[in-house]
Amino acid sequence: MNNLLAARSQMAMSLAFHILFAAAGIAMPLMMVIAEWRWRRTRDEIWLTLAKRWAKGTAILFAVGAVSGTVLSFELGLLWPEFMKFAGPIIGMPFSLEGFAFFTEAIFLGIYLYGWTRVSPRAHLWAGVMVALSGAASAVFVIIANAWMNTPTGFSFYAGKVANVDPIAAMMNPSALGQTIHMVLAAYAAVGFAVAGIHALALLRDKQNLFHCRALAVALAVGGVAAILQPLSGDILGQMLAKNQPVKLAAMEGHFKTEKGAPLHIGGWPDENAKTTRYAIEIPYALSLMAFHDPNATVRGLESFPRDEWPPVKIVHFSFQIMVAAGTAMMLVALWAARRAWLVWRKKGPLDSKWFLRAVIAASPLGFVAIEAGWMVTEVGRQPWIISGVMRTAEAVTPMPGLVVPFISFTLLYVFLGLTVLWLLKRQVADSPRVYADAAKPVEGAGYAFD
Amino acid sequence: MLSIEVILAGAMMASLTLYVLLGGADFGGGVWDLLAALTKESGRKKAQRELIAEAIGPIWEANHVWLILVIVLLFTCFPSAFSVISTALHIPLVLMLIGIVLRGSAFIFRSYDNRADNVQRRWGRVFSIASLITPVLLGVTVGSISSGRIQIKDGIVTSGFVHSWLAPFPFAVGLFALALFAFLAAVYLTVEAKDEQLREDFRRRALVAAVMVGVLALVVFLFSFTGAPEIRRDLSASWWTWPLQIATAISAMGAIWFLWTRKFRLARVCAAAQVTLILWGWGAAMFPYLVVPGLTIQNAAAPAVTLQLTLIALVAGSLLLFPSFYYLFRIFKSNPEGATSQAQTTQRARPQDRE
Ligand code: HDD
Ligand code: HEM
Ligand code: HEM
């Protein structure tokens with residue numbers, strides 16, 4: 001493994017690990033706050049238990065997110081010193097702002113987790129709200145930095161040197177808005193579905209357990225709304241790509257020839273040497289329609305770019321297919337959930353049918369799958385550039401030899417941590433409370449009755 | 001003299017100081033967790049560890065962000081320094097990161113898993129060993145950038161990946177950092193301990209650590225003649241050296257005196273002042289260097305717009321940050337005598353409604 005590949009792999013691995021916990025750090029606080037708020041409104045202890053349970057899980061996830069994020073901040077320099085030397089002044093701003101978001105997140109999470117008996121219930125709920133807001137804010141800021149790598153703005157070159165640095169213009173780069181919306185929604189969708197899956201699984205075994213019923217309802221509400229909005233925001237991103245990063249779009253679609261009225265390839269095997277995508281289902285005009293909202297628009301193919309500026313087409317194409325497939329499936333499950341919720345509301349049927357619970361369980365990992373796949377699209381699709389069109393990844397890498405060693409060390413460390421976290425969470429879930437309608441206080445609304 | 005880049009370098013120093021005073025003590029807590037093994041009586045061993053966990057629990061993540069802020073300010077405002085430091089000190093920094101990862105996750109795994117005593121004890125060990133190693137590596141980093149061993153030509157590190165840090169001086173600074181962190185932790189814990197015996201335990205530890213700090217300070221001083229000649233010269237030639245040394249010595253004596261006379265709150269103030277003065281003394285000796293001898297605050301600075309905006313962001317962020325921090329510490333650190341470990345017990349107890 002050469003040094004550049006080791007550095008790229010280490011970065012990819014660290015980010016792919018961090019994002020799991022970061023997503024939890026964005027979405028779990030929202031769900032905790034909803035549960036606690038329901039408790040404040042209804043005084044029903046089940047809600048409080050739920051909020052506390054979720055908070056416990058979040059504490060574990062947050063700590064691992066914080067330490068893996070710290071690693072990332074250093075890795076930017078440890079692996080890509082030339083990149084940071086160039087990009088630091090231009091795009092350091094959102095990182096600084098993110099620093100403050102981390103502060104408020106960590107401070108109020110401390111209050112939330114350890115302050116149940118130390119602050120007033122009202123202050124406690126507000127602490128939760130602060131955590132939820134600052135989690136989303138930290139995601140927004142870091143994604144802005146990433147969007148800048150995709151569509152760099154806010155500086156120019158003068159006599160080979162960077163000039164006219166404008167950090168605000170850099171933050172307002174064309175990908176920023178679309179990417180931040182898409183990622184924040186992704187976190188809610190992925191975490192909502194994952195949590196829903198856990199509680200659905202418990203419900204399959206222990207049908208009447210109110211604790212899991214409520215948990216499922218909140219998780220599906222958060223995850224479902226986001227999953228329904230996600231394809232819309234993805235469509236906006238696709239159009240931005242057509243305008244600003246046509247190579248990436250062409251690679252995502254396995255689209256080689258510049259065409260008017262270009263077809264969409266579903267599946268298939270992009271063959272870079274033969275310059276064609278074999279065995280794909282082709283939908284005529286669909287790519288032009290998607291990219292430009294005009295069936296006859298011209299979409300540039302990979303052939304119109306120099307060969308040494310192509311990203312690895314296969315990885316990008318497959319990852320994109322995986323994300324869209326996962327997104328579509330999640331949207332369908334979310335619509336089904338909406339339909340069932342409607343029936344429950346009209347008192348025409350229960351929320352849980354066995355098949356519905358099974359569908360939720362089947363869909364539960366898809367959000368995280370889509371997040372990882374989507375990042376592959378974005379990051380691998382940017383290659384060979386670290387800053388699109390400005391600096392190549394190979395120019396940015398550290399001269400430090402033997403990078404395979406830290407790559408393997410961090411991989412082992414993270415695998416170990418990941419397994420431990422899973423094991424701990426499993427023990428937490430196995431200990432979850434059993435509460436049934438007849439034993440509990442009167443159950444509010446019909447929405448949670450399960451018979 | 002007080003140009004914007006100097007102000008920002010000062011902000012970095014302030015952030016580093018807060019990291020040491022707050023986050024450093026969290027690492028020091030880990031050291032005492034490890035050394036609790038020396039206490040024979042198992043009840044007291046347990047009580048010590050519980051006190052440490054309780055003191056660190058709600059605040060360590062927030063304290064940790066001060067380090068992130070130092071890094072972010074470094075790469076935003078002094079990008080070439082970030083790039084040089086992370087190239088030359090790749091190896092100690094990677095080791096430090098592994099320590100940071102293990103410390104944080106082991107701590108949380110230990111506190112949130114209350115089933116198997118055995119597993120919990122193992123996490124406790126990981127937590128404390130990582131707490132021991134990480135501060136040393138942090139000190140090595142600080143020692144290296146002041147030592148003059150990191151050589152640069154045309155912005156490229158020419159002193160290799162090992163030479164820059166593998167020397168007695170950086171490691172002396174590393175051990176000194178460890179002693180300081182442990183000292184701070186012990187002093188803070190005397191204030192936070194709720195029962196007399198525990199307080200005495202940590203008082204004794206604080207006194208021992210204070211002596212260690214003194215001894216290692218001397219060691220660092222001696223090594224600095226050959227290990228860091230540049231800033232050594234600065235330190236002895238400047239007019240501010242003597243007042244600073246005297247102030248540091250007074251606060252060190254003060255800390256010991258108040259520990260001796262059991263005025264723990266005053267001891268805490270003195271210890272914090274002592275550590276702050278040591279850090280700022282180092283900062284002043286470094287001035288105007290960021291990395292001796294190649295990079296200064298001026299020649300590493302980012303363009304003026306970036307600096308201005310960062311300063312604005314810092315001021316605006318502080319308006320949010322300091323009240324929040326104040327609130328956090330008021331909640332968890334204000335009445336050590338009165339409050340029992342109630343929050344902790346409710347956290348740890350299994351939910352009452354589980355059947
Ligand atoms: C729950 C997760 C999830 C789901 C269901 C989807 N995505 Fe996505 N997508 C992401 C999670 C994600 C992501 C991981 O969060 C990415 C990576 C970078 C980013 O900003 O978002 C992303 C990137 C990303 C990009 C590349 C942006 C760029 O490189 O600038 C496009 C074009 C789409 N997505 C399009 C879609 C479409 C058309 C979807 C329709 C179903 C879709 N995504 C579902
Ligand atoms: C190069 C990229 C990244 C860097 C340098 C980075 C850095 C960090 C750091 C230093 C922390 C720890 C803060 C603390 O101590 O509380 C952290 C946590 C966090 N990061 Fe990242 N991060 C990166 C990517 C991302 C991405 C892509 C997202 C989200 C979409 C994200 C969202 C978060 C969130 C929400 C937290 C809070 C901790 C948690 O909830 O787990 N980060 N990150
Ligand atoms: C957390 C979600 C993210 C994931 C899963 C992710 C994934 C990846 C992957 C797979 C690569 C390797 C690409 C390749 O070399 O083929 C990579 C590279 C990189 N990413 Fe990301 N990324 C994420 C977010 C970010 C963010 C928010 C930033 C910056 C602010 C960032 C900065 C970088 C850098 C500097 C590289 C190395 C240079 C390069 O290969 O282009 N990433 N990332």
Side-chain angles (χ1 to χ4, degrees), chain A residues 45 49 52-53 56 59-60 62-64 66-68 70-71 73-74 76-78 81-82 84-86 88-90 92-93 95-97 99-100 102-104 106-111 113-119 165-168 398-401 406 409 413 417 420 424 427 431 433-435, chain B residues 57-59 61-62 64-65 67-69 71-73 75-77 79-80 82-87 90 93-94 97-98 100-102 104-105 107-109 112-113 115 155 157 161 302-303 305-306 309-310 313-314 317 320-321 324-325 327-328 331-332 342-344 346-347 350-351 353-355:
Chain A
E45 292 295 319
T49 313
K52 286 193 173 174
R53 283 274 156 172
K56 254 184 133 179
I60 299 175
F62 185 88
V64 179
V67 294
S68 60
T70 308
V71 172
S73 317
F74 280 87
L76 288 173
L78 292 172
E82 294 307 311
M84 287 315 282
K85 196 153 63 174
F86 182 93
I90 307 171
M93 191 69 186
F95 283 109
S96 316
L97 296 172
F100 286 104
F102 288 152
F103 267 126
T104 42
I107 289 173
F108 287 100
L109 190 74
I111 296 173
L113 293 178
Y114 293 84
W116 289 98
T117 56
R118 297 210 176 189
V119 298
V165 169
D166 181 351
I168 303 284
T398 176
M400 171 81 197
S409 318
L413 180 61
L417 285 187
T420 309
L424 284 174
R427 300 224 297 189
D431 275 358
R434 300 202 168 78
V435 203
Chain B
I59 53 166
E61 278 170 309
H64 179 75
V65 186
L67 178 65
I68 315 282
L69 193 61
I71 294 303
V72 168
L73 286 176
F75 71 59
T76 309
C77 303
S80 45
F82 180 62
S83 141
V84 161
I85 292 171
S86 40
T87 306
H90 191 111
L93 287 174
V94 163
L97 286 174
I98 293 177
I100 287 178
V101 168
L102 285 176
S105 27
F107 178 72
I108 211 81
F109 293 165
Y112 280 86
D113 189 37
R115 274 215 232 155
V157 179
F161 306 102
V305 235
T306 303
L309 283 169
T310 309
L314 273 183
L320 182 68
L321 180 61
S324 309
F325 247 103
Y327 185 52
L328 178 74
I331 294 171
F332 293 107
Q342 211 189 17
Q344 194 66 17
T346 33
Q347 262 296 309
R350 307 268 183 83
D353 36 16
R354 206 179 120 243
E355 268 133 45

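Convention: sequence-line order gives letters A, B, ...; per-chain numbering from 1.
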Whatever's closer than 4.5 Å to a heavy atom in chain B on A:Ile107 counts as both
Turns out that what part of A:Leu78 lies under 4.5 Å from chain B's heavy atoms comes down to both
Scanning both residues in full, the closest heavy-atom pair of B:Pro58 with B:Leu328 reads O-CD1, 4.2 Å
Looking only at B:Leu321, B:Ile108, B:Val305, the option with the highest number of non-hydrogen pairs under 4.5 Å against chain A is B:Leu321
Of all heavy-atom pairs linking B:Phe161 and A:Pro401, the shortest is CE1-CD, 3.1 Å
Heavy-atom nearest pair, B:Glu61 first then A:Phe62, reads OE2-CD2, 2.8 Å
Of the listed A:Thr398, A:Leu97, A:Ile60, the one with the largest count of heavy-atom pairs under 4.5 Å with chain B is A:Ile60
Of A:Gly92, A:Gly110, A:Pro81, A:Pro89, the largest count of non-hydrogen pairs under 4.5 angstrom with chain B goes to A:Pro89
Cut-off 4.5 Å, heavy atoms of chain B, and the answer for A:Ser96 is both
Given B:Ile100, B:Val157, B:Leu69, B:Leu102, the one with more heavy-atom pairs under 4.5 angstrom with chain A than any other is B:Ile100
Whatever's closer than 4.5 Å to a heavy atom in chain B on A:Val165 counts as both
Using 30° and 60° as the class limits, which term best fits the ring planes of B:Phe75 and B:Phe82: parallel, tilted or perpendicular? tilted
The interface call for B:Leu309 against chain A, heavy-atom contacts under 4.5 Å, is both
Bottom line for A:Phe108: the part with an atom under 4.5 Å from chain B's heavy atoms is side chain
Closest non-hydrogen atoms of A:Thr70 and B:His64, given as atom of the first, atom of the second and distance, are OG1-NE2, 2.8 Å
On a heavy-atom basis, the closest approach of B:Gly104 and A:Val67 is CA-CG1, 4.0 Å
Heaviest contributor of heavy-atom pairs below 4.5 Å to chain A, chosen from B:Ser86, B:Ala313, B:Cys77, is B:Ser86
Heavy-atom closest pair (B:Thr306 atom, A:Pro167 atom, distance to 0.1 Å) is OG1-CG, 3.9 Å
Are any side-chain N or O atoms of B:Ser83 and backbone N or O atoms of B:Pro79, one a donor and one an acceptor, separated by less than 3.5 Å?
no
Ranked by heavy-atom pairs below 4.5 Å to chain B, first place among A:Gly99, A:Gly88, A:Ser409, A:Pro406 goes to A:Gly88
